[in-house]
Amino acid sequence: MPELPEVEVVRRGLADHVLDRKITEVTVAHPRAVRRHVEGAADFAARLIGRTISGARRRGKYLWLELDAADEGEDAVLAHLGMSGQMLIAEAGRADETHLRVRMRFADAGPELRFVDQRTFGGLSVHPLIQAHGGGLVPAPVAHIARDPMDPAFDLDEAVAGLRRRRTGLKRALLDQTVVSGIGNIYADEALWRARLHGSRPTEGLTRGQGRAVLGAAAAVMAEALTAGGTSFDALYVNVNGASGYFDRALAVYGQADRPCPRCGTPIRRDPFMNRSSYTCPRCQPRPRNPHP
DNA sequence: AATGAGGCCTGGTTGC
DNA sequence: TGCAACCAGGCCTCAT
C-alpha cells in the first residue's frame, strides 16, 4: 500500500532513471489508467511525445514528472499509485507485466518506463503546474493537497492547528490529505500508537502537545520506513512494493491483531473503521470517554 | 462549508 | 473441492 515513504522511494528511482530523457512513444494499454486525463488516451500520449523529463517531484502520495521545464503553466505527468500502482523501469523487450497499463519509450532506446497497476485505483494524467494553496508549484489536481512532513517547508505548528480546527476523529483527520498529506491507514495507526492516542479521540479536544506528538510520530515512522525501503530494491526496480523488508519487522500495531503490543504486551486489537481496519493497543491507547463516532 | 458515506477495482484468503 | 463472500484501502463524487 504505497503511502509517503513508498512513493518517495519511487520518486528517487525515477529521478535516477528517467531524468533528461526524451519520450518518443507512449502506449495506453488500459483506458482506466488515464481516466483522470479527461481529454482521453490519445491526447495523453500526444502531450508526452517529444517532451523531455526534467524533474521528479512528490507531494504526499502524489508524484509527478516535469516536462521540459518547471515554470508555471508548464506541463507535468501526474502519477498516483492508488493501492497497487507501480512505476517500473524495464529493459526494452522484457515480457509485459499482466497488469501493464501505460508504457513510455525514450529516444535513447534505453530502458522503458511502465506503469503497472493491478487494481487500477491509480493512474496517470497530464496537467499544467500551478501555485498550490499552501505554496509551491504543483500539478492542478494537487493544489488542495497539504504539504507532507518530509517537505522542507512543512510547518508543524500550522499542521497541528489544522488538526485542532477539524470537528472529527483524530484518525480521520490524519487521513485527510488537506490537513497533512502522505499519511495512510498504516502510518496513521503506527503514529497513533507511538503517541499513545486513540484514533476516535475528538480533534477539538486535542492539546497542542498531543497534536505535535502524533504528527511528530508520523514523521518519524515514515522517515524510518523510507530508510528501510530505500535499501531493499535493485537498480532497475523502481517500486519497492510497500517496503517489504520494513513491513515485517517494524510495524508495531498495523496488521498485528492478537499479537502482543511491543510496549506492554497487551494483545493488539483490530476494529472496523471506515470500511477498513484500525489496529490499536487497548492499554496504551484507551478509547476516549467521548469518542468521535 | 464541512463532514461522512459509498463506489471504484482484482487477486488472495477464508468459510461453508 | 468449488464457489461465494470477504478483505486490502486511496481518493473522488455525492449527499447531508
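Worth knowing before you read on, the calculation uses all heavy atoms, side chains too, and leaves out hydrogens, waters and symmetry mates. Residue numbers begin at 1 in each chain, while the letters A, B, ... track the order of the sequences.
Rounding to whole angstrom units, CG of residue Leu170(A) and P of dG4(B) are separated by 13 Å. If you take CG of Asn275(A) and P of dG10(C), they are 13 Å apart, rounded to a whole angstrom. The NE2-C1' distance, from His144(A) to dA2(B), rounds to 14 Å in whole Å. We find that CG of Leu81(A) is positioned 17 Å from C1' of dC8(B), with the value rounded to whole Å. Nucleotide dA5(B) holds its C1' atom 13 Å from the NE2 atom of His292(A), rounded to whole Å. The CD atom of Glu6(A) sits 14 Å away from the C1' atom of dA8(C) (whole-angstrom rounding). Put simply, CD on Gln177(A) is 8 Å from C1' on dG10(C), counting in whole angstrom units. Atom CG in Asp176(A) sits about 10 Å away from atom C1' in dT3(B), given to the nearest Å.
Once rounded to the nearest 0.5 Å, the distance linking OG of Ser277(A) with CG of Asn185(A) reads 7.5 Å. In this structure, the separation between CG on Asp75(A) and CG on Leu65(A) is 12.5 Å, given to the nearest 0.5 Å.
Among the protein residues, Ser84(A) comes within range of no part of the nucleic acid, since none of its heavy atoms lies under 4.0 Å from any strand. At a threshold of 4.0 angstrom between heavy atoms, the contacts of Phe273(A) with the nucleic acid are absent. Within 4.0 Å (heavy atoms only), His30(A) reaches no atom of the nucleic acid at all. Arg35(A) comes within 4.0 angstrom of nothing in the nucleic acid, heavy atoms only.
For Arg32(A), whose side chain is taken as the heavy atoms from C-beta onward, the closest listed nucleotide among dA8(C), dC9(B), dG10(C) is dC9(B). Here the nucleotide nearest the side chain of His99(A), chosen from dG4(B), dG11(B), dG10(C), is dG11(B). Ranking dA8(C), dC12(C), dC9(B) by closeness to the Met83(A) side chain, first place goes to dA8(C). The Ser277(A) side chain lies nearest to dA8(C) when the options are dC12(C), dG10(C), dA8(C). Among dG10(C), dC8(B), dA5(B), the nucleotide with an atom closest to any side-chain atom of Arg276(A) is dG10(C). Residue Tyr279(A) places its side chain closer to dA8(C) than to any other of dG10(C), dC8(B), dA8(C).
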*Are Arg165(A) and Glu158(A) close enough, and set up right, to give a salt bridge (charged side-chain N to carboxylate O under 4.0 Å, His left out), and what steps lead you there?*
CA-CA 10 Å; Arg165(A) 273 196 298 270; Glu158(A) 172 53 33; 3.2 Å; yes
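A distance-only check finds a donor-acceptor pair linking the side chain of Gln177(A) to the backbone of Gly182(A) [under 3.5 Å]. Judged purely by atom type and a 3.5 angstrom limit, Arg105(A) has no side-chain atom pairing as donor or acceptor with the backbone of Pro111(A).
For the OP1/OP2 pair of dG10(C) and a distance below 4.0 Å, the side-chain nitrogens and oxygens of Tyr187(A) include no atom meeting the criterion. The shortest distance between the side-chain N/O atoms of Arg270(A) and the OP1/OP2 oxygens of dA8(C) is below 4.0 Å.
Looking at which nucleotide of DNA chain B each of Met274(A) and Gln118(A) is closest to, the 5′-most match is held by Met274(A).
One donor-acceptor pair, N or O on each side, does fall under 3.5 Å between the base of dA8(C) and the side chain of Arg119(A). Counting distance only, with no hydrogens placed and no angle test, the side-chain atoms of Arg167(A) and the base atoms of dG4(B) include no donor-acceptor pair under 3.5 Å.
Exactly one of Arg57(A), Arg11(A), Arg58(A), Arg59(A) qualifies for a salt bridge (Lys or Arg N to Asp or Glu O under 4.0 Å) with Asp148(A). That residue is Arg58(A).
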